[in-house]
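Predicted, not measured: the structure shown is a model, and the values here were computed from it.
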Amino acid sequence: VRELVEMLEQPREWALIVDLPGPDSAAFTAGLAPAVAPVFLFGNWPHPRGVVPAHQTLGAVMYYRSRLLPPKDGVARPAALVLDRDRLRPYANEPDRFDNRYAAVLPTAAQLQQLGVKQLLYVVPENAEERELDDLNARFVEYRSAGLEVKMLGLKDLLPAPAGTPQAVAGRTDNRDAYYGGSRFWWGGGPSYHGWFWNHYGAASRPFGGIPERPPRSAFGSGYTPSRRTTSFDGISRLGRTTTPGGSSGSSRSSGGSWGRSSGGGFGG
């Protein structure tokens with residue numbers, strides 16, 4: 001995927017939204033470096049009994065810290081907005097668990113447009129549905145209304161080439177194959193399909209080497225367009241609120257949890 005980002009003719013017109021489980025998001029973004037500028041949008045508190053294993057995410061970020069630090073070359077890079085997909089893990093009011101779930105806070109359409117962003121690539125794991133998570137729906141619909149296109153990339157479409165497929169790409173002079181140890185994952189499963197990637201998303205790209213070829217099957221999320229739908233965030237959200245009995249009348253009250261202590265219903269770092 002880093003190689004795909006490097007192929008873009010107008011990289012600053014794009015931003016990536018990486019929505020994988022926290023440690024995977026950190027590792028994936030480290031792999032994208034230095035082609036992107038990471039922007040971490042992790043929220044709220046780690047806790048030994050937290051619903052969200054945020055300590056694992058923070059540990060992964062520290063592990064990859066040297067790769068995630070921005071290069072000091074002054075080159076402008078597309079942003080990678082990094083989320084923890086576990087932020088909305090199911091929770092059934094268990095008294096022995098701390099509800100540290102939170103909603104993602106993404107930049108507004110106006111903020112992205114001020115940075116020159118026109119299109120976003122939403123990266124989701126292999127087992128994802130062809131839709132955004134509930135807390136992103138309203139923001140993605142806002143993006144669409146403002147003229148920002150949101151495209152989806154499912155990691156299930158990044159596949160190893162069949163045995164016997166040359167790993168090198170004609171015309172490429174870097175040492176990328178040595179870096180990957182000869183084991184490559186390609187969009188669509190082969191170099192020619194990999195070179196077609198930005199054609200699929202309607203964006204201009206630099207020559208990749210060889211002749212780009214449309215994959216024989218539709219890519220995951222090909223028909224995806226954000227649309228307003230009913231989500232768990234319609235009405236009053238219960239994220240971060242544990243309901244416990246209160247008073248002799250049998251009424252209930254909200255206690256514990258991180259959601260009630262965050263500003264604006266969750267926050268990003």
Side chains of [X] and [Y]: closer than 4.5 Å at any heavy-atom pair?
X: L120; Y: L16; result: no
X: F42; Y: V61; result: yes
X: L20; Y: L155; result: yes
X: V82; Y: F28; result: no
X: D84; Y: Y102; result: yes
X: P215; Y: W187; result: yes
X: W186; Y: F197; result: no
X: P53; Y: R89; result: yes

(request) Give every residue pair that meets the ring-ring contact (aromatic ring centres under 6.0 Å, His included) criterion with at least one member in residues 47-83, sequence neighbours excluded. (result)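 Those involving residues 47-83 are H47-F98.
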Once you round to the nearest 0.5 Å, how far does [atom1] of [X] lie from [atom2] of [Y]?
X: K156; Y: L158; atom1: NZ; atom2: CG; value: 12.5 Å
X: M62; Y: T57; atom1: CE; atom2: OG1; value: 13.5 Å
X: L32; Y: E6; atom1: CG; atom2: CD; value: 9.5 Å
X: L148; Y: F140; atom1: CG; atom2: CZ; value: 11.0 Å

Can you sort out the partners of [X] under side-chain contact (heavy atoms from CB on, under 4.5 Å), two or more places apart, ordered by chain and number?
X: K118; result: E13
X: P71; result: P34, D73, R77
X: P107; result: L81, Q111, L112, Y143
X: R131; result: E129, R229

Which heavy atom in [X] sits nearest to a heavy atom in [Y], and how many Å separate them?
X: A80; Y: V36; answer: CB-CG2, 3.8 Å
X: A33; Y: R2; answer: O-NH1, 3.1 Å
X: L68; Y: P38; answer: O-CG, 4.0 Å
X: G22; Y: D86; answer: N-OD2, 4.4 Å
X: A54; Y: P46; answer: CB-CA, 4.0 Å
X: V51; Y: D99; answer: CG2-CA, 3.8 Å

Using the rule that Ile, Leu, Val, Met, Phe, Trp and Tyr join whenever any side-chain heavy atoms are under 4.5 Å apart, tell me whether [X] and [Y] fall into a single cluster.
X: F220; Y: L136; value: yes
X: L159; Y: W196; value: no
X: V52; Y: F233; value: no
X: L41; Y: L133; value: yes
X: L115; Y: L106; value: yes

(message) Show every side chain to side chain donor-acceptor pair (under 3.5 Å) that has at least one partner inside residues 197-222, sequence neighbours left out.
(response)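 Pairs touching residues 197-222 that pass the test: D157-R217, S192-E213.
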(message) Give me each pair satisfying side chain to side chain donor-acceptor pair (under 3.5 Å) with a member in residues 17-42, each pair once, sequence neighbours excluded.
(response) D19-R85, D19-R87, D19-Y122
Under the rule for side chain to side chain donor-acceptor pair (under 3.5 Å), what residues qualify as partners of [X], not counting sequence neighbours?
X: R144; answer: none
X: Y193; answer: none
X: E142; answer: R139

(request) Could you walk me through whether L153 and V1 pass the side chain to side chain contact (heavy atoms under 4.5 Å, CB included) test, one step at a time? (result) CA-CA 10 Å; L153 169 61; V1 176; 4.3 Å; yes
(request) Ignoring hydrogens and angles, state whether a donor on the side chain of T231 or N137 is under 3.5 Å from an acceptor on the partner side chain. (result) no
(message) Check this for me: does any side-chain nitrogen of one of D234 and R228 sit under 4.0 Å from a carboxylate oxygen of the other?
(response)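 Yes, D234 and R228 are salt-bridged.
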(message) Using the salt bridge (Lys or Arg N to Asp or Glu O under 4.0 Å) criterion, which residues pair with E149? Sequence neighbours excluded.
(response) K151
(request) Please name all residues satisfying salt bridge (Lys or Arg N to Asp or Glu O under 4.0 Å) with E130, sequence neighbours left out, ordered by chain then number. (result)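 Expected list: none.
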(request) Go through the steps to decide whether L88 and D135 satisfy the test side chain to side chain contact (heavy atoms under 4.5 Å, CB included), and finish with yes or no. (result) CA-CA 8 Å; L88 301 182; D135 58 337; 3.4 Å; yes
